[in-house]
J.: 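I'd like to ask you about the structure that follows.
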Amino acid sequence: MRDLTPQEVAEGLEAGRMVLVDVREPNETEFERYPGAVIVPLSAFDPAAIPEPQGREVVFACRSGRRSVTASISAQEQGYSYSAHLAGGILAWKAAGLPTET
């Protein structure tokens, strides 16, 4: 499991090297979202629902960093090589001063 900082993820997204997958539930993402993230709720998680990353690294994110670890482990158990997550989730993202969408 690779723990990534908000800054690392923001830089990776800006450079087009990463795809951010938000595994929070619809009631959470309706209120506030990571800009440009793909939403695949953990309650119905299927890594096949993640668009083809086309060489980019898939990074999971959630509210605090727990569900993103669960999603990564689940994806790996299903044969995907997705092993990165945003440590601290959207709480750390906002604490770092990074933007969200509402």
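Values in this document were obtained by computation on a predicted structure and should not be read as measured data.
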J.: Under a 4.5 Å cut-off applied to non-hydrogen side-chain atoms, are V38 and L20 in contact?
T.: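 Heavy-atom side-chain distance check fails, nothing below 4.5 Å.
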J.: Does any pair with a residue in residues 41-64 pass ring pair (Phe, Tyr, Trp, His ring centres under 6.0 Å), and if so which ones, sequence neighbours excluded?
T.: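 For residues 41-64, and leaving out neighbouring residues, the ring pair (Phe, Tyr, Trp, His ring centres under 6.0 Å) pairs sorted by first residue read F45-F60.
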J.: Should R33 and T100 count as side-chain neighbours, where that means a heavy-atom distance under 4.5 Å?
T.: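 SC-SC contact between R33 and T100 ruled out.
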J.: Is the backbone of A75 close enough, under 3.5 Å, to the side chain of Q78 for a donor and an acceptor to pair up by distance?
T.: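 Looks like no, no N/O pair under 3.5 Å.
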J.: Please report the interatomic distance NE2(H85) to CD1(I73), rounded to the nearest 0.5 Å.
T.: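 So the gap between those two atoms works out to 9.0 Å.
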J.: Taking the side chain as C-beta and beyond, is there a heavy-atom pair between T29 and D22 under 4.5 Å?
T.: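 T29 reaches D22 side chain to side chain.
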J.: Rounded to the nearest 0.5 Å, how far apart are CZ of R24 and SG of C62?
T.: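 Between atom CZ of R24 and atom SG of C62 there are 8.0 Å.
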J.: So if you build clusters from Ile, Leu, Val, Met, Phe, Trp, Tyr with side-chain heavy-atom gaps below 4.5 Å, do Y80 and V58 land together?
T.: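 Yes: a chain of side-chain contacts under 4.5 Å links Y80 to V58.
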J.: Can you name the side chain to side chain contact (heavy atoms under 4.5 Å, CB included) partners of E25, sequence neighbours left out?
T.: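 Partners of E25 by the side chain to side chain contact (heavy atoms under 4.5 Å, CB included) criterion, ordered by chain and then number, come out as N27, E28, P41, L42, S43, R67.
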J.: Is there a chain of hydrophobic side chains (I, L, V, M, F, W, Y, each step under 4.5 Å between heavy atoms) that links V21 to L13?
T.: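 No.
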J.: Under 4.5 Å between any side-chain heavy atoms of Y82 and P53, yes or no?
T.: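 They are in contact (side-chain heavy atoms under 4.5 Å apart), so the answer is yes.
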J.: Are the side chains of Q76 and S81 in touch, meaning some heavy atoms are under 4.5 Å apart?
T.: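 A side-chain contact is absent here, since even the closest heavy-atom pair is not under 4.5 Å.
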J.: Are Y34 and V19 co-members of a hydrophobic cluster defined by side-chain heavy atoms under 4.5 Å apart?
T.: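 No, no single cluster joins them.
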J.: Look up atom CD1 in I90 and atom OG in S64, then write down how far apart they are to the nearest 0.5 Å.
T.: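 With rounding to 0.5 Å, CD1 (I90) is 11.5 Å from OG (S64).
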J.: For residues W93 and L86, determine if any side-chain heavy atom of one lies less than 4.5 Å from a side-chain heavy atom of the other.
T.: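 W93 reaches L86 side chain to side chain.
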J.: Where do A87 and P6 come nearest, in terms of heavy atoms and distance?
T.: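 Here A87 and P6 meet closest at O-CD, 4.4 Å.
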J.: If you count heavy atoms of other groups shown closer than 6.0 angstrom to CD of E101, is the number above 12?
T.: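 Check passes, neighbour count above 12.
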J.: Could you check whether any side-chain heavy atom of M18 comes within less than 4.5 Å of a side-chain heavy atom of L4, counting everything from C-beta outward?
T.: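 Sidechains of L4 and M18: in contact.
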J.: To check you understand the geometry: which heavy-atom pair defines the closest contact between S72 and A84, and what is its length?
T.: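 Of all heavy-atom pairs spanning S72 and A84, the closest is OG-N, 4.1 Å.
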J.: Hey, are E32 and T102 close enough side-chain-wise for a donor-acceptor pair under 3.5 Å?
T.: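 No pair is found: no donor N or O on one side chain lies under 3.5 Å from an acceptor on the other.
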J.: So which pairs with a foot in residues 43-57 pass salt bridge (Lys or Arg N to Asp or Glu O under 4.0 Å), sequence neighbours left out?
T.: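 Residue pairs with at least one partner in residues 43-57: R2-E57.
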